[in-house]
Amino acid sequence: MKKLINDPGKTVDEGLAGFAAAHPDLVRLIVDPPFAVVRADAPLNGKVGLVSGGGSGHEPLHAGFVGHGMLDAAVPGAMFTSPTPDPILEATRHVNAGAGVLHIVKNYTGDVLNFETAAELALAEGIEVQSVIVDDDVAVKDSLYTAGRRGVAGTMLVEKLAGAAAERGDSLDQVAEVARTVNSRVRSMGMALAPCTVPHAGEPSFELGEDEVEIGIGIHGEPGRERIALEPADRIVDRLIEPILEDLPFQQGDRVVLLVNGMGGTPQSELYIVFRRAAEVLADRGIVLARSLVGSYVTSLEMQGVSITLLQVDDDLLELYDAPVQTAALRWGR
Amino acid sequence: MKKLINDPGKTVDEGLAGFAAAHPDLVRLIVDPPFAVVRADAPLNGKVGLVSGGGSGHEPLHAGFVGHGMLDAAVPGAMFTSPTPDPILEATRHVNAGAGVLHIVKNYTGDVLNFETAAELALAEGIEVQSVIVDDDVAVKDSLYTAGRRGVAGTMLVEKLAGAAAERGDSLDQVAEVARTVNSRVRSMGMALAPCTVPHAGEPSFELGEDEVEIGIGIHGEPGRERIALEPADRIVDRLIEPILEDLPFQQGDRVVLLVNGMGGTPQSELYIVFRRAAEVLADRGIVLARSLVGSYVTSLEMQGVSITLLQVDDDLLELYDAPVQTAALRWGR
Amino acid sequence: MGPVTLDGAWTRRWVEAVAAEVSRRKAELTALDRAIGDADHGENLDRGFQAVLGKLDALDDGATPAAVLRLVATTLISTVGGAAGPLYGTAFLKASMAAGDRDELDAPALVEVLTAARDGIVARGKAESGDKTMVDAWTPAVEAASAAGDDVRAALAAAAAAAAEGAVATEPLVAHKGRASYLGERAVGHRDPGAESTALILAAAAETT
Amino acid sequence: MGPVTLDGAWTRRWVEAVAAEVSRRKAELTALDRAIGDADHGENLDRGFQAVLGKLDALDDGATPAAVLRLVATTLISTVGGAAGPLYGTAFLKASMAAGDRDELDAPALVEVLTAARDGIVARGKAESGDKTMVDAWTPAVEAASAAGDDVRAALAAAAAAAAEGAVATEPLVAHKGRASYLGERAVGHRDPGAESTALILAAAAETT
Ligand SMILES: Nc1ncnc2c1ncn2[C@@H]1O[C@H](COP(=O)(O)OP(=O)(O)O)[C@@H](O)[C@H]1O
Ligand SMILES: Nc1ncnc2c1ncn2[C@@H]1O[C@H](COP(=O)(O)OP(=O)(O)O)[C@@H](O)[C@H]1O
Ligand SMILES: [Mg+2]
Ligand SMILES: [Mg+2]
Ligand SMILES: [Mg+2]
Ligand SMILES: [Mg+2]
């Protein structure tokens with residue numbers, strides 16, 4: 001394991017300290033209890049507060065999305081481990097400006113349970129909290145026989161659009177409604193060429209043969225849906241996008257935001273090769289590419305791989321997508 | 001070699017096709033002769049045109065920096081191979097709006113020679129061209145006995161500030177002067193934990209033992225200054241930043257832009273761990289952190305590693321740094 | 001071995017033994033989680049129980065079993081995170097509530113406490129028996145303890161043995177809860193890490209004198 | 001072997017032979033470049049000479065040596081890129097200019113052509129002998145050809161042998177130009193890829209009948 005770290009047990013803390021030092025205009029760090037990243041100007045009078053969080057190792061998610069037009073606070077847990085209720089509660093207090101707080105929670109047992117506890121504690125203090133669970137990953141069957149779909153790259157679109165709604169002054173109910181609407185219209189699927197290594201574990205989360213790739217990978221280094229022999233990028237894109245298209249389903253004439261997301265260790269040129277094919281498939285189906293986003297936004301440390309996300313949009317959602325955002329990892333319009 | 005590609009010989013073309021498809025609002029692709037990426041609204045009447053380029057594999061450099069406030073065109077060569085004069089000339093023609101064109105050239109023999117030829121051909125057509133060579137890499141001794149310092153991550157700062165100067169209406173002489181000033185005040189040094197693999201080569205550019213790192217790496221997978229045993233991140237940062245500080249030299253009271261740049265396969269959390277230490281060293285020296293930039297901007301495919309860049313700024317340069325920029329990879333202020 | 005009294009001091013020794021065992025077997029638990037989860041279970045529990053160790057000293061010498069259990073609960077909740085943090089946290093919290101103000105636990109009280117812990121996990125995590133989770137170690141343990149009669153030592157031994165068997169018995173299962181459920185058939189052949197840590201916790205109880 | 005006439009047809013056969021050899025030894029050239037450069041020299045030249053092959057057909061049957069050399073020059077310039085593209089491009093361009101309108105090259109003309117090529121490379125790249133570049137193959141080749149007397153075949157053979165030796169002789173050197181110069185002492189022990197490709201080009205000339 002070769003990493004640019006000091007003490008494997010301190011990677012999260014030191015990374016956050018660096019993040020806060022690099023972006024004092026955007027965020028401040030709450031270190032007691034460790035850790036939450038809060039928007040520098042929070043709480044904003046009358047504005048609904050948006051809190052998300054989850055295991056670390058998915059950067060820039062979530063801290064990179066704290067700022068104007070997106071999150072008010074991000075609560076990072078240990079590497080790939082959801083945070084405990086204490087910092088979630090503390091972040092909730094910090095961003096509560098009287099208009100209530102929305103928790104955006106990726107659908108993992110740990111995240112759901114810890115946010116649930118924090119929300120109960122916040123309610124007990126008189127803070128109005130609503131929670132939205134994001135579960136966009138079509139790789140997992142959503143049935144009684146699983147923990148349900150995971151929240152993956154679609155989470156950043158939920159955060160972006162709900163953040164824009166909060167920024168324009170929507171009420172907690174309205175912001176939560178936007179978040180739920182986005183979640184209901186967003187679908188993702190990912191794959192990995194090579195695993196990542198969690199610092200404290202010291203060895204890769206899974207093994208892949210020289211010619212194998214993992215289809216339907218999660219973002220926690222957990223194994224995916226199936227392991228297949230390496231194929232050309234276009235063929236892999238087809239394997240990812242077909243289940244996405246079928247699921248909603250996305251149909252001719254639909255307008256979509258296409259997000260091609262790198263898992264952390266994938267060169268940008270490969271992301272654009274993937275984008276090219278995905279856009280081609282959409283064009284073939286008569287689906288309209290309304291907006292494009294390509295980058296490593298929801299990652300698994302240095303994992304090599306990619307995920308594809310489609311969000312079906314109408315004029316309202318597009319307006320929220322286009323609204324100004326000013327965060328460390330996503331910025332436009334100001 | 002596992003990559004998200006189709007044909008190893010087509011990675012550059014397909015990546016560019018994807019890039020153009022993702023950013024039609026920012027750029028268009030000139031495909032004959034292949035390839036140049038040109039600002040969608042070029043040529044802009046009366047504005048100096050900025051052209052840069054070089055071997056592919058360093059994305060988002062340069063195509064990701066084409067747009068308002070930065071480059072007017074980027075000319076990508078084959079993987080890690082500088083482009084030939086034809087597309088450079090073609091790009092120069094496309095962005096010439098009567099105010100002349102600036103070539104921003106990283107200091108590699110191939111880049112210098114090919115841009116030189118293109119500039120001569122452009123001059124012969126009556127296009128006024130000036131060239132600025134960027135050579136910010138302190139890992140290489142600048143002497144009669146080397147090809148001179150390489151142009152590395154500092155290049156993006158030259159492009160940003162010169163781009164802002166061009167956008168505000170500076171003349172060719174003035175824009176070139178800004179570029180030269182930035183180059184004279186910017187210094188970088190990088191390192192690698194793990195090499196990258198050029199698609200057509202099929203094997204890593206160099207070998208590193210399980211506990212070795214390469215200090216003073218270039219961005220073309222060429223070996224660096226020395227190979228040492230892996231050390232804690234803070235110690236590695238010290239090894240990179242000391243030669244940078246001594247070189248200019250940077251002194252107490254100086255204001256700087258600190259760029260921590262990932263080489264492509266490095267997780268963002270590690271970049272921020274590096275940033276944390278670099279900021280600490282600056283604070284210890286009484287050097288003022290005026291602006292921070294952290295991300296994978298000047299890369300070597302999926303190489304794991306980092307580079308540190310310092311730019312000494314005054315009010316003028318800071319104004320140029322802060323000026324609005326709207327490109328695929330760098331965006332603020334609009 | 002002599003007769004055991006499950007008083008506050010015993011509870012504390014047990015918790016210390018758990019912390020020591022988790023520390024010793026951290027890598028093993030994480031390896032189980034690597035196979036069908038996300039490779040952090042040992043790390044998570046170790047972080048939690050080390051924190052518990054750090055707080056035990058602050059407890060009164062005469063603390064009741066419930067007080068010790070409550071300290072474990074709140075500490076796990078605030079330090080473990082992930083799925084195991086709230087689940088074990090709830091288990092110890094409900095156990096503490098079931099222990100009430102008793103100074104020591106006899107066999108029927110132990111069964112009440114174990115039952116409350118298991119019910120707490122089920123209430124939070126909604127897993128059923130056979131879903132390949134820690135519940136598959138807890139439920140056989142509760143049943144074995146109830147069937148063991150009035151000897152609290154025998155009840156502990158029975159619970160530990162049943163939990164160990166329950167953990168092994170998760171191996172052939174497909175998971176329906178937690179991360180392993182994403183794997184479908186690919187989870188078959190691997191032991192559930194949470195069931196194994198439950199077996200560890202109850203084995204430590206049986207061995208604590 | 002019979003007497004060779006270095007006419008346009010010969011020039012064309014030579015260029016075809018170079019293309020074939022570069023293709024065959026592409027990986028080897030790239031491996032040399034991997035050691036002290038950026039692992040693309042074989043790839044770069046192959047791209048260029050394949051492009052040349054594609055354009056040769058368009059040439060007149062009666063094309064002079066200069067016409068063939070000019071075609072090689074412009075094609076390499078517009079397809080190779082990197083350092084080798086402009087350097088070899090200039091070499092072939094200057095060679096073509098030196099060949100002038102001759103229908104065939106005798107020994108003195110060959111020496112003029114080789115000298116012009118070498119001088120072109122030096123003018124563009126500013127490398128001196130001993131800088132560990134392709135110049136270290138070209139310069140001995142030019143000298144050996146001049147010393148070989150009036151037999152054009154002997155001149156070619158001498159040039160090829162000297163270039164090959166020159167390439168080998170780059171191995172102990174520290175580089176002062178090109179990417180290898182970044183390496184300092186670490187370049188010692190490795191052959192310069194451009195010197196090796198020059199040896200290849202001249203060997204192909206000696207073998208072309
Ligand atoms: N819904 C659930 N009910 C009961 N136990 C569960 C549930 N989900 C997960 N678990 C248990 O939690 C264990 C995983 O814990 P841990 O690895 O610490 O958390 P995470 O899965 O968040 O990384 C699993 O092995 C399983 O025994
Ligand atoms: N300044 C120079 N003068 C002469 N030859 C040079 C010079 N710089 C580089 N070369 C030659 O070019 C070769 C490298 O070519 P190539 O790998 O194709 O280009 P690049 O270095 O741009 O990747 C070197 O091996 C060397 O022989
Ligand atoms: Mg976890
Ligand atoms: Mg090259
Ligand atoms: Mg786990
Ligand atoms: Mg090379």
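Order of the sequence lines fixes the chain letters, A, B, ..., with proteins taken first and strands second; residue numbering starts at 1 for each chain.
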Q) Hey, does the side chain of C:Arg124 reach the backbone of A:Leu113 with a donor-acceptor pair shorter than 3.5 angstrom? A) yes
Q. In terms of heavy-atom proximity below 4.5 Å to chain A, should C:Ala127 be classed as side chain, backbone, both, or neither?
A. neither
Q | Per-residue contact mode, A:Pro204 against chain C (heavy atom under 4.5 angstrom) | A | backbone
Q | Between CG on residue C:Leu76 and OG1 on residue A:Thr84, distance to nearest 0.5 Å | A | 11.5 Å
Q.
Taking the side chain as everything from C-beta on, heavy atoms only, tell me whether C:Arg34 gets closer than 4.5 Å to A:Glu203.
A. yes
Q. Minimum heavy-atom separation for C:Ser181 to A:Ala147, with atom names?
A. OG-N, 2.9 Å
Q. Would you say C:Gln50 has more than 12 foreign heavy atoms packed within less than 6.0 Å of its CD?
A. yes
Q: Heavy atoms only, distances under 4.5 angstrom: which of A:Met79, A:Glu116, A:Arg150 has the most pairs with chain C? Name it, please.
A: A:Arg150
Q) Around atom CZ of C:Arg70, are there more than 12 heavy atoms of other residues, nucleotides or ligands at under 6.0 Å? A) no
Q) Relative to chain A, which of C:Ala175, C:Gly178, C:Ala39 shows the most heavy atom pairs under 4.5 Å? A) C:Gly178
Q. Taking every heavy-atom pair that is under 4.5 Å apart, which of A:Arg227, A:Arg225, A:His220 has the most such pairs with chain C?
A. A:His220
Q: Could you tell me which non-hydrogen atom of C:Val80 sits nearest to which non-hydrogen atom of A:Thr81, and how far apart they are?
A: O-CG2, 3.6 Å
Q: Might you point out which heavy atoms bring A:Phe80 and C:Asp40 nearest each other, and give the distance in Å?
A: O-OD2, 3.3 Å
Q.
Rounded at 0.5 Å granularity, tell me how far CG in C:Asp38 sits from OH in A:Tyr108.
A. 9.5 Å
Q) When you look at NZ of A:Lys3, are more than 12 heavy atoms from neighbouring residues, nucleotides or ligands closer to it than 6.0 Å? A) yes
Q. Out of curiosity, C:Leu183 CG to A:Glu226 CD, how far, rounded to the nearest 0.5 Å?
A. 13.0 Å
Q: Please flag which part of A:Arg149 lies under 4.5 Å from any non-hydrogen atom of chain C: side chain, backbone, both or neither.
A: neither
**Q.** Region of C:Ala180 that comes under 4.5 Å of a non-hydrogen atom in chain A
**A.** neither
Q. In terms of heavy-atom proximity below 4.5 Å to chain C, should A:Asn114 be classed as side chain, backbone, both, or neither?
A. both
Q: Counting only heavy atoms closer than 4.5 Å, note whether C:Thr79 contacts chain A via side chain, backbone, both or neither.
A: backbone
Q) If every non-hydrogen atom of A:Ser82 is compared with every non-hydrogen atom of C:Gly82, which pair is closest and at what distance? A) OG-N, 2.9 Å
Q | Whether over 12 other heavy atoms sit under 6.0 Å from A:Met1 CE | A | yes
